[in-house]
2 protein chains.
Amino acid sequence: MIEYKNLNEPIYLKLKEMILNGELKQGEKIIQEKIAETLGVSRTPLMKALLALENEYLVESIPRRGMYVRALGKKEIIDIYVCREALEGMAARLLALSKDTKVIEALKACFYPFSSHKKINIDAYSKADEKFHSLLIKLTGNEPLDKIYFFGNIHEKVIGHGLVRPPEETLEEHFKIINAIEEEDPDRAEQYAREHIKKSRALLLDQ
Amino acid sequence: MIEYKNLNEPIYLKLKEMILNGELKQGEKIIQEKIAETLGVSRTPLMKALLALENEYLVESIPRRGMYVRALGKKEIIDIYVCREALEGMAARLLALSKDTKVIEALKACFYPFSSHKKINIDAYSKADEKFHSLLIKLTGNEPLDKIYFFGNIHEKVIGHGLVRPPEETLEEHFKIINAIEEEDPDRAEQYAREHIKKSRALLLDQ
DNA sequence: TTTTTGTATTTTGTATACAAAATGTAATGT
DNA sequence: ACATTACATTTTGTATACAAAATACAAAAA
C-alpha cells in the first residue's frame, strides 16, 4: 500500500518550531503574506498549517483581524494540566488493562539511561519525560484520545526547555506508574498518573 | 467592543448538518468543486470548513486523495466513549469543587420538564441529555477542556436521534451526578459521571 | 495638546487559474 | 478473458488576482 504524505506538513512543522522556540512571540500577529514569503510558499498552504495550529491551541484566530500566536496565561496552563490529568490518568488505566508486555518495555525504555543513579542530564531527561507522556497516550491505540492530546507542545512553551520539577522527584513517580501498569492494577495506575500531573500543577499554581 | 463573526461559519454549519443527517454518507468522498458549487462558494472557504471538521473527527483527509466523511466503526465509537468518560468525569469533579449555585441550577434546569414522572417524550429528553453533557463541560470554564470535547456531534451520528439507554434508567443517574456536585463531593461526582458513560459504553460494546 | 475626520496603505477573505497527481477508460498484447 | 499500457479526464494542491474590511497616518477642528 502506498503511503501518501501530507505535503504541507513541512510548513506546519516549521511554523510550530517558530512558535515554540519563540521566533514568533506570544500574542504576536501572524502577517500571512510576510510569513508566507519567508517560508517561500503562498498563503494557501500556509493557511492550512495555521488552521491546524489553531486546533492545537498554539494559534488564535480572530475573524477579519488575523491570526495570533496564542498567549498562554496562568489560567490556561493550569486548565491544560487539568486536561492532561484526566487524559493521562485514563491512558494509564487502559494500559494496565491491556496485558501487553511490549507496553511495559517501551515505557521502561524511556528511563533506562537514568536508572544508574549517576548524575542526570537535565536536557536528556526532559526529552525522555516528554517521550514517556506521549507514549502513555499513543500506546493505548485509542485514536480519538491521541487526537485530543496535543498538549505535549505546550510543555516546552511553558517551561522553556526545562522541567517543572527535578528528575530526582519525578523519576520515582514515573516508575510507580509503570509498575502499576505492569501489575495490571488500573486503579493505582490511574491514581499515580494523576497525582504525578497534579503535583506539577500545584507547583505551577504557586508561581 | 465589536464582535467579529466568523464568516465561513455558515459553510461549516451547513456541511456539519449534511454529515450528521446523512446527506453526505459515511466514507463518501467529498468532491470539493461539487460541494462548493452546491453551497455557492469557492473551494477556498470550503477548505477552511473541511479542515475544521477534520479536527472534529467528522472528516478524514488523505493527502493527494481527498477528504472523506469519516466512517465510525465500533472501535472508534467505543474509544470516543472512553474519552468522554475521562473528560466528563473530570468536569463533574471540577464543578463539585466550584461552589457555584448557578451551576446546579443550570444542570437541574435540563431535566425539570421530566421530573413529573409522567410519560417522557423521547425526542425532548434526547435533546436535554445532549444539553446536560455539553453543559457539564462548558460550566467548568476550562477552555481547553471545551475545545477537546467535540464528541457531542458524534452522539447523533451513532444512535440516529435516539438514546443508548431508556430515560427511566438515565434520568436517575443524571440526578445522582447533580446531587453529588451540589453536595460538593468531587469523588462521587466524578465516579457517577464516569459510571454513567461507562454503562452506555458497555451496551454499545455488546451490540 | 487632544480629538476627530478623511485618505492611503495594509491585510484579510474569496475567487480563479494552472500545474501535478490521481482516476477512469479504451486500446493493445498475452 | 485478463492484464497492461497509453491517453483523456477529473481532482487536488498551490499561486495569484482582486474586492472588502481593517489599520495607519496625516490634516483639520475643538
Side-chain angles (χ1 to χ4, degrees), chain A residues 1-19 22-71 147, chain B residues 1-19 22-71 147:
Chain A
M1 190 173 149
I2 307 155
E3 188 61 35
Y4 295 91
K5 57 166 168 269
N6 193 338
L7 294 167
N8 62 321
E9 186 152 303
I11 305 173
Y12 160 83
L13 288 173
K14 179 64 186 159
L15 262 176
K16 188 154 150 179
E17 195 194 314
M18 287 171 77
I19 292 172
E23 202 171 331
L24 291 167
K25 291 178 199 63
Q26 301 237 352
E28 183 178 340
K29 180 168 183 182
I30 295 165
I31 293 157
Q32 292 170 27
E33 202 110 29
K34 215 161 98 183
I35 301 290
E37 195 178 23
T38 65
L39 297 184
V41 294
S42 78
R43 280 170 57 207
T44 314
L46 174 68
M47 179 54 78
K48 285 189 191 179
L50 285 171
L51 288 169
L53 291 167
E54 190 195 356
N55 285 297
E56 288 186 19
Y57 222 71
L58 286 174
V59 162
E60 193 181 2
S61 165
I62 303 174
R64 272 275 166 217
R65 301 290 304 283
M67 308 281 264
Y68 296 80
V69 179
R70 193 181 277 271
K147 203 168 171 54
Chain B
M1 190 173 148
I2 307 154
E3 188 62 35
Y4 295 91
K5 56 166 169 268
N6 193 337
L7 293 167
N8 61 320
E9 187 153 302
I11 305 172
Y12 160 83
L13 289 173
K14 179 64 186 161
L15 262 175
K16 188 154 150 179
E17 194 195 316
M18 287 171 78
I19 292 171
E23 201 172 333
L24 291 167
K25 291 178 198 64
Q26 302 236 351
E28 181 177 341
K29 181 169 183 182
I30 295 167
I31 293 156
Q32 292 169 28
E33 202 110 30
K34 216 162 96 184
I35 301 290
E37 196 179 21
T38 63
L39 297 184
V41 294
S42 78
R43 279 169 58 210
T44 314
L46 173 68
M47 178 54 77
K48 286 190 189 179
L50 285 171
L51 288 170
L53 291 166
E54 189 195 357
N55 285 297
E56 287 185 21
Y57 223 71
L58 286 174
V59 161
E60 194 180 3
S61 164
I62 303 175
R64 273 272 164 220
R65 301 290 304 283
M67 308 282 264
Y68 297 79
V69 179
R70 193 182 277 273
K147 203 169 170 57

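The basis for the numbers below is simple: all heavy atoms, side chains too, and nothing from hydrogens, waters or symmetry mates. All values reported here derive from a predicted model rather than from experimental measurement. Residue numbers begin at 1 in each chain, while the letters A, B, ... track the order of the sequences.
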Between [atom2] of [N] and [atom1] of [X], the distance in whole Å:
X	N	atom1	atom2	value
A/Asn8	D/dT12	CG	P	15 Å
A/Arg65	C/dT11	CZ	C1'	12 Å
A/Ile62	C/dT11	CD1	P	16 Å
A/Ile30	C/dT12	CD1	P	10 Å
B/Leu51	D/dT14	CG	P	12 Å
B/Tyr68	D/dT12	OH	P	8 Å
B/Leu50	D/dT11	CG	C1'	14 Å
B/Arg64	C/dT23	CZ	P	11 Å

Exercise. Which atoms form the tightest heavy-atom contact between A/Arg70 and A/Tyr57, and what is the distance?
Worked result: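 Closest approach of A/Arg70 to A/Tyr57: CD-O, 3.2 Å.
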
For this session: List the atom of B/Ser42, the atom of B/Pro45, and the distance in Å for their closest heavy-atom pair.
Result: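 Answer, listing the atom of B/Ser42 first, then B/Pro45: OG-CD, 3.2 Å.
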
Problem set entry | Interatomic distance, A/Glu9 atom CD to A/Lys48 atom NZ [nearest 0.5 angstrom] |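 It is 13.0 Å, given to the nearest 0.5 Å.
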
Problem set entry | B/Met18 CE to B/Thr38 OG1 distance, which is reported to the nearest 0.5 Å |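 If we round to the nearest 0.5 Å, B/Met18:CE and B/Thr38:OG1 are 5.0 Å apart.
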
For this session: Would you mind reading off the bend of the helix from C/dT1-D/dA30 to C/dT30-D/dA1 from its two end axes, five pairs each, to 10 degrees?
Result: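 Axis angle across the helix from C/dT1-D/dA30 to C/dT30-D/dA1, nearest 10°: 10°.
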
For this session: Between A/Lys29 and B/Gly66, name the one whose nearest nucleotide on DNA chain D is closer to the 5' end.
Result: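 With A/Lys29 and B/Gly66 compared, the 5'-side residue is B/Gly66.
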
Problem set entry | side chain to side chain contact (heavy atoms under 4.5 Å, CB included) between B/Lys25 and B/Val69, intermediate numbers included | CA-CA 7 Å; B/Lys25 291 178 198 64; B/Val69 179; over 6 Å; no

Problem set entry | Stepwise side chain to side chain contact (heavy atoms under 4.5 Å, CB included) check, B/Ile35 with B/Arg43 | CA-CA 9 Å; B/Ile35 301 290; B/Arg43 279 169 58 210; over 6 Å; no

Exercise. Out of D/dT14, C/dT14, C/dA20, which nucleotide sits closest to the side chain of A/Lys48?
Worked result: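 It is D/dT14.
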
Exercise. Around A/Glu28, counting heavy atoms of other residues, nucleotides and ligands shown, do more than 12 lie under 6.0 Å from its CD?
Worked result: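 Result for CD/A/Glu28: enclosed.
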
For this session: Would you mind reporting whether B/Leu24 and B/Leu15 have side-chain heavy atoms less than 4.5 Å apart?
Result: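 Result yes, sub-4.5 Å side-chain heavy-atom pair found.
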
For this session: May I have the step-by-step check of side chain to side chain contact (heavy atoms under 4.5 Å, CB included) for B/Thr44 and A/Thr44, ending in yes or no?
Result: CA-CA 8 Å; B/Thr44 314; A/Thr44 314; 5.5 Å; no

Exercise. Among residues 32-47 of chain A, which residues get a heavy atom nearer than 4.0 Å to DNA chain C?
Worked result: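 Of all residues in residues 32-47 of chain A, the ones placing a heavy atom under 4.0 Å from DNA chain C are A/Gln32, A/Glu33, A/Arg43.
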
